[in-house]
Trainee: 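For reference, the structure I am asking about is given below.
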Amino acid sequence: MTAEANSAANLPLALQEAAAQMVAGVQASVVQVRNGKRGWDHGMGAGVVWGDGTYVLTNNHVVAWQPHKELRVALHDGREFPASVAAQHPALDLALLELTLGGTPAASLNPARQGDSSRLRVGELVFAVGHPWGQRGIVTAGIVSGWAMGSVRGEPRGSRGRGRWRGGPWRGGPWRGGPWRGGPWHGGRGPRGRWMRREAMQEVRYILSDVLLRPGNSGGPLVNAQGAVVGINSMVRGGDLSVAIPVEYVNTWLAELQQPAVAAAGSGPAEQIL
Amino acid sequence: MLTQFSNQLADAVERVGSTLVQVNGRQRLPASGVIYAHGLVLTADHVLEREEDLTIRTDDGRVLPAQFVGRDTASDLAVLRVADLNRDPASVATAQPRVGQFVLAVGRPSEHSAMASQGIISTVGGPLRTRRGATIEQYIQTDATPYPGFSGGPLIDGQGAVVGITTTGLVQGATLAVPTQIAWRIADTLAQQGHIKRGFLGIGSQPVYLPEGQRAGLTQESGLLVVRVEADSPATQGGMLVGDIVVQFNQQTITDTDELQAQLAGSLVGQSVPVQVLRGGSLHTIQITVGERGQRR
């Protein structure tokens, strides 16, 4: 029976086939980021192949602590590449990894398609792909539940390592000024206890969804019904509310880095309407 | 295909969005409500910790004062009247809820936008004994995530029509919804009377097995043993004694507490009803004028 005949006969079956097809495409661009000598000493997270295929986007907290300087990225098809951190945005909890491909054509890594997170609507279907508890390529489905406003410090200025905000967005991110914790943040203690005015902060509109996330999902993509990446999954709040960083912030950040190769990563393949 | 489905879900949330309000009636985070008739908002009873100084926030961000109209603890519903609402009431799902049906729980706990979670109807059950002993004929259980502040908000189908009113206050730990037909009916009564009448006898009872030969010719195997009769209650005035076994109420056979509860409808309040009891091995019929159960918690 063809897909069209199925869709006429049974809607759930047709949806199921469409979802399976879409998910298979996404899984090919999702990687596992392994931090540490034995591959898991300092955490394992997910990541998504970005740009031309040389880069992987993940959460900063997956790669923030690297005493062994051993970072490896495992692809869905079993290939593994060493990686290094190309850029970090600790406040947004984002990191861009550069892969050492050693002659492998970058396009063979299946860079992810990017969606438009600013057009997301509450109720829209979303899927998370990651490796909860180390299980590879697990897909969970849900809908966009709403938004959480948070303030994070903007892109760190000055030399690397100075004035940086160590740790992730939980140091004043969406936990403050979320949907049920009062209004926007007017200022607070930044790194090393310094007082920071609100002007130094960047307003972030996080995506809340009811997809199931567990440790190991961090850094993995949140995709829409078309299989285009709309966010980077980063944490769970209140036990059952998943928080993702919209891809629009990722692109703004990558564009600000002003490195041609990395900036190009921000303008990867655009969303296609299927 | 998937995109189409996804868009229709977002459309459904958008459609119900204009009738979805935030209800501020407690110290903790706000809850949700739905505009069920012109100028009237239906919400959950347990989210109203006060009856004055209530406000709602509409989809376009207006904060309007709301006047308390009535509440029903048993079904966990309450009605508010809001002037200048200027919103059409929510559309109602006409079909009966079915197990397996795809639903969305929606609410407006945040000021930014409506929130939603997806799931299916897990159970369509009932009757359900709730707090204060009253019974609702039917309830819906869903596996959609009840975010904080979703109580009082609607459970909608794929077209944005209301299937029920979500509440986590009816049974601890479960996300239940009062089906629209029941909820709308109770809301209408609340809007008219301010409360729901429920029958009251003033007895404590427990089901007992009736041994063969002690049934005074009846076929039923059990009855309700009266273990307590409250002073000045309708039961006392009707002459009911501790030790009586209730076997019939208003011509209906009674074998356990739920059956009596189901018979004690609000429509009987003030009426004299025949109650058949086994007393000392023989049948007696006494007349009891049904009282009204107090509304306050």
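In what follows, chains are A, B, ... by sequence order, proteins preceding strands, each numbered from 1.
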Trainee: Between Leu109(A) and Val49(A), which heavy-atom pair has the shortest distance, and what is it?
Mentor: O-CG2, 3.6 Å
Trainee: Can Ser117(A) and Glu248(A) be counted as having a side-chain donor-acceptor contact under 3.5 angstrom?
Mentor: yes
Trainee: Go through Ser145(A), Gly123(A), Ala18(A) and name the one with the most non-hydrogen pairs under 4.5 angstrom from chain B.
Mentor: Ser145(A)
Trainee: Between Glu14(B) and chain A, which part of the residue has a heavy atom less than 4.5 Å away: side chain, backbone, both or neither?
Mentor: side chain
Trainee: For Thr145(B) and Asp210(A), does a side-chain donor sit closer than 3.5 Å to a side-chain acceptor?
Mentor: no
Trainee: Please classify the contact of Val144(A) with chain B as side chain, backbone, both or neither, using a heavy-atom distance under 4.5 Å.
Mentor: backbone
Trainee: When you check the side-chain N and O atoms of Ser151(B) and Thr168(B), is any donor under 3.5 Å from an acceptor?
Mentor: yes
